[in-house]
2 protein chains.
Amino acid sequence: MAIGVNALAFVAVAQVLALAGVVMVLVWCIYFMGGLAWEAPKKSLIFNIHPVLMLIGLVIIGGEAIMTFKALPLKKEVKKIIHMVLHAIALVLGIIGIYAAFKFHNEESIVNLYSLHSWLGMGIIVLYGIQWIYGFLIFLFPGGSSAVRSESLPWHVILGLILFSLAVGNAVMGFLEKLVFLETYGLAKFGAEAYLVNFTAVVTVLYGVFVVFSVLSQPVVVVEEESAYTAL
Amino acid sequence: MAIGVNALAFVAVAQVLALAGVVMVLVWCIYFMGGLAWEAPKKSLIFNIHPVLMLIGLVIIGGEAIMTFKALPLKKEVKKIIHMVLHAIALVLGIIGIYAAFKFHNEESIVNLYSLHSWLGMGIIVLYGIQWIYGFLIFLFPGGSSAVRSESLPWHVILGLILFSLAVGNAVMGFLEKLVFLETYGLAKFGAEAYLVNFTAVVTVLYGVFVVFSVLSQPVVVVEEESAYTAL
């Protein structure tokens with residue numbers, strides 16, 4: 001099921017939303033929440049690394065990796081390597097971001113892995129890793145037989161989009177969870193920070209929707225007919 | 001992009017997950033949270049209507065409506081009516097469920113519409129209504145020209161799946177939000193109720209994933225070749 005629309009518009013809007021999301025999460029974590037630090041007496045600065053890396057890494061760079069095939073006027077083999085490298089960066093940033101959350105919990109003596117957000121997050125990062133390894137082995141090196149590749153491709157695309165959607169959903173849930181904590185400790189429900197966090201989450205959802213739309217629309221420039229996503 | 005797998009397995013698993021979800025949300029709201037009531041001195045019983053109707057209505061019955069085209073061995077026109085009726089039920093239950101949340105807030109003097117969950121929820125229910133009306137007018141009565149129908153179908157399916165995914169994500173976010181409130185008031189983070197709520201949310205996510213998979217797989221029985229989802 002594809003939409004008979006050029007992906008360019010969706011990709012362009014996604015870039016604007018990505019930029020907005022990056023700026024908003026940085027303003028929130030640096031200006032409102034006091035900044036980022038790996039070691040600090042004020043432990044909340046360690047936590048602040050978590051939303052920044054999860055949004056910029058797993059969600060935004062992950063989304064850019066997904067859009068590679070539709071957005072770039074390059075040969076399939078080149079796009080494949082860009083796709084793989086961007087997903088690797090997303091995965092590594094995601095793992096460091098999750099580690100920051102554990103580090104904050106441990107140094108603040110907060111229990112780990114009790115919340116739904118953490119459960120889904122662990123599931124997503126593990127599946128993301130498996131998906132990356134499977135993709136690398138089958139589509140890049142050493143590469144499966146052409147039968148295995150063509151059988152695997154729709155699963156790779158669909159599972160990838162589902163994982164990406166779950167990552168977007170879990171990021172949004174993380175924003176909500178943190179905001180509920182902050183509001184419990186007195187943050188104004190209709191104040192500037194609450195609006196900033198909520199709108200960052202809304203921008204995140206819209207970015208996710210535009211990434212999905214770009215995958216379902218027509219490639220910007222078809223260099224080779226058999227481009228991985230052209231079949232959509 | 002479709003998977004060369006019969007939808008039957010996905011639909012069957014989705015039914016098991018739907019049943020599990022219904023039982024779990026009822027056990028939570030009735031056994032753990034004290035029951036459901038439209039009028040009650042204990043206002044939390046009014047709130048309890050909200051998760052029950054949103055999960056059973058918007059998410060589960062909405063998902064069943066989506067699976068109709070893949071799951072039922074009936075003529076297209078009959079499936080279309082079942083699809084439309086199920087979505088109407090989902091929409092009505094969703095609206096009543098949202099009303100229950102407002103009613104609880106108003107009677108407890110809690111402000112409305114400050115949370116991300118409420119913002120996304122309002123957006124989703126409005127788009128759901130628009131999607132239903134558009135579908136009814138174009139595909140059922142009076143019906144658009146065949147050009148408009150064939151141009152609209154992929155948008156209807158894709159927007160519908162995105163809306164359904166957002167509904168699933170927002171339901172999961174609602175479970176998390178309520179649980180954070182309860183834990184702030186002393187509920188054990190690793191107690192029976194917390195596990196029940198988190199696993200209900202996990203079951204909800206899995207149900208959503210299986211509904212999406214069923215749409216992307218092959219129809220169980222193709223009665224007519226031009227069945228709405230066959231083209232996927």
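What you see below is based on every heavy atom in this structure, not just the backbone, and it leaves out hydrogens, waters and symmetry mates.
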> Using a 4.5 angstrom heavy-atom cutoff, name the option from B/V180, B/V202, B/V209 with the most pairs to chain A.
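Top count of heavy-atom pairs under 4.5 Å with chain A: B/V180.
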
> Which heavy-atom pair separates B/A2 from A/P154 by the least distance, and what is that distance?
O-CB, 3.6 Å

> Run the side chain to side chain contact (heavy atoms under 4.5 Å, CB included) test against B/M67 and tell me which residues pass, sequence neighbours left out.
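For B/M67, the residues satisfying side chain to side chain contact (heavy atoms under 4.5 Å, CB included) (neighbours in sequence not counted) are B/V11, B/A14, B/Q15, B/E64, B/Y207, B/V211, B/S214.
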
> Top residue by heavy-atom pair count (under 4.5 Å) with chain A, among B/E151, B/H117, B/E177?
B/E177

> Hey, what do you get for CG (B/L179) to CG (A/L116), rounding to the nearest 0.5 Å?
8.0 Å

> For B/V168, which atoms come within 4.5 Å of any heavy atom of chain A: side chain, backbone, both, or neither?
neither

> Can you tell me if A/F181 has over 12 outside heavy atoms packed within less than 6.0 Å of its CZ?
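Yes - once you tally the heavy atoms of other residues, nucleotides and ligands closer than 6.0 Å, there are more than 12.
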
> Walk me through it: do B/W155 and A/V5 pass the test side-chain contact (heavy atoms from CB on, under 4.5 Å)?
CA-CA 11 Å; B/W155 288 96; A/V5 171; 3.6 Å; yes

> Determine the minimum heavy-atom distance between B/L159 and A/F213, stating which atoms define it.
CD2-CZ, 3.5 Å

> So, for B/M173 and A/V172, which heavy atoms are closest and what is the spacing to 0.1 Å?
SD-CG1, 3.6 Å

> Could you list which of residues 119-126 of chain A have a heavy atom closer than 4.5 Å to any heavy atom of chain B, in residue-number order?
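Expected list: A/W119, A/L120.
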
> Is the number of heavy atoms from other residues, nucleotides or ligands within 6.0 Å of CZ (B/F190) greater than 12?
yes

> What part of B/T184 lies closer than 4.5 angstrom to a heavy atom of chain A: side chain, backbone, both or neither?
side chain

> Which region of B/E183, side chain (C-beta onward) or backbone (N, CA, C, O), has a non-hydrogen atom less than 4.5 Å from a non-hydrogen atom of chain A, or is it both or neither?
side chain

> Name all residues meeting the side chain to side chain contact (heavy atoms under 4.5 Å, CB included) criterion together with B/A101; count only those two or more places apart in sequence or in a different chain, and write none if there are none.
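Testing B/A101 for side chain to side chain contact (heavy atoms under 4.5 Å, CB included), a comparison that skips the adjacent residues, returns B/H50.
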
> Considering all heavy atoms of both residues, which atom of A/S115 and which atom of B/N198 are nearest to each other, and what is their separation?
C-ND2, 4.2 Å

> Going by side-chain hydrogen bond (donor to acceptor under 3.5 Å, both in side chains), name the residues that satisfy it together with B/Y134, two or more places apart in sequence or in a different chain.
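B/Y134 satisfies side-chain hydrogen bond (donor to acceptor under 3.5 Å, both in side chains) with B/S152 once adjacent residues are dropped.
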
